[in-house]
Amino acid sequence: MGTIRDRGLVKWQSALIMPEHKVLNKKIGEVDYFLNKKLIIDEYQVEEFENNIHYAMEYHLPISFKLHNKGNPYELYGHCVYIHPYTKELRIQKKDSSFEYIQFEQIIDVIVED
């Protein structure tokens with residue numbers, strides 16, 4: 001009679017892993033490890049952000065934004081000159097008179113400078 005030969009763990013190993021696959025798997029693991037997740041912001045914080053932005057626009061005060069961009073937090077400093085109501089996009093004028101557009105969902109914190 002025929003006997004069944006068990007190959008052990010060999011049967012569960014993949015047949016071929018190319019060096020490109022190893023590098024790609026390593027990069028994916030590193031990128032996810034170093035990215036920061038966006039904080040959960042409640043309704044009251046959103047309302048406070050909106051009030052601070054409107055106050056700064058009314059009195060033309062500089063604003064410091066803490067933003068979350070694809071896992072990398074960064075700060076933006078300038079004057080808010082326009083809010084687009086439908087796209088929820090802010091137009092920020094920086095010190096060098098250039099403009100930067102940010103989405104309201106990117107905002108982590110808003111500080112009005114006096």
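The model shown is predicted, which means the values in this text are computed figures rather than measured ones.
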Is there a side-chain contact between Y55 and V110 (heavy atoms, below 4.5 Å)? no
State, with a plain yes or no, whether a side-chain heavy atom of E48 is found less than 4.5 Å away from one of N51. no
From I92 CD1 over to I83 CD1, what is the distance, rounded to the nearest 0.5 angstrom? 8.5 Å
Would Y77 and Y74 show up in the same hydrophobic cluster when neighbours are defined by side-chain heavy atoms closer than 4.5 Å? no
In Å, rounded to the nearest 0.5 Å, how long is the span from OG of S64 to CD of E113? 5.5 Å
Determine whether L67 and I107 make a side-chain contact, defined as any pair of heavy atoms from C-beta on separated by less than 4.5 Å. yes
Treating D42 as the side-chain partner and Q45 as the backbone partner, does any N or O pair qualify as donor plus acceptor under 3.5 Å? yes
Within this structure, what is the CD-NE2 distance for the pair Q103 and H68, rounded to the nearest 0.5 Å? 14.5 Å
With a 4.5 Å heavy-atom cut-off, do Y59 and V112 have their side chains touching? no
A side-chain contact here means heavy atoms from C-beta on lying under 4.5 Å apart; do F104 and V46 qualify? yes
Quick one, D109 and F49 - any side-chain contact, counting heavy atoms below 4.5 Å? yes
Could you state the interatomic distance from CD (E105) to NZ (K88), rounded to the nearest 0.5 Å? 6.0 Å
Between the OH atom in Y101 and the CD atom in Q106, the distance rounded to the nearest 0.5 Å is 14.0 Å
Return the orientation label for the H79 and H60 ring planes: parallel under 30°, perpendicular over 60°, tilted otherwise. parallel
From L90 CG over to I53 CD1, what is the distance, rounded to the nearest 0.5 angstrom? 5.0 Å
Are the side chains of I63 and N52 in touch, meaning some heavy atoms are under 4.5 Å apart? no
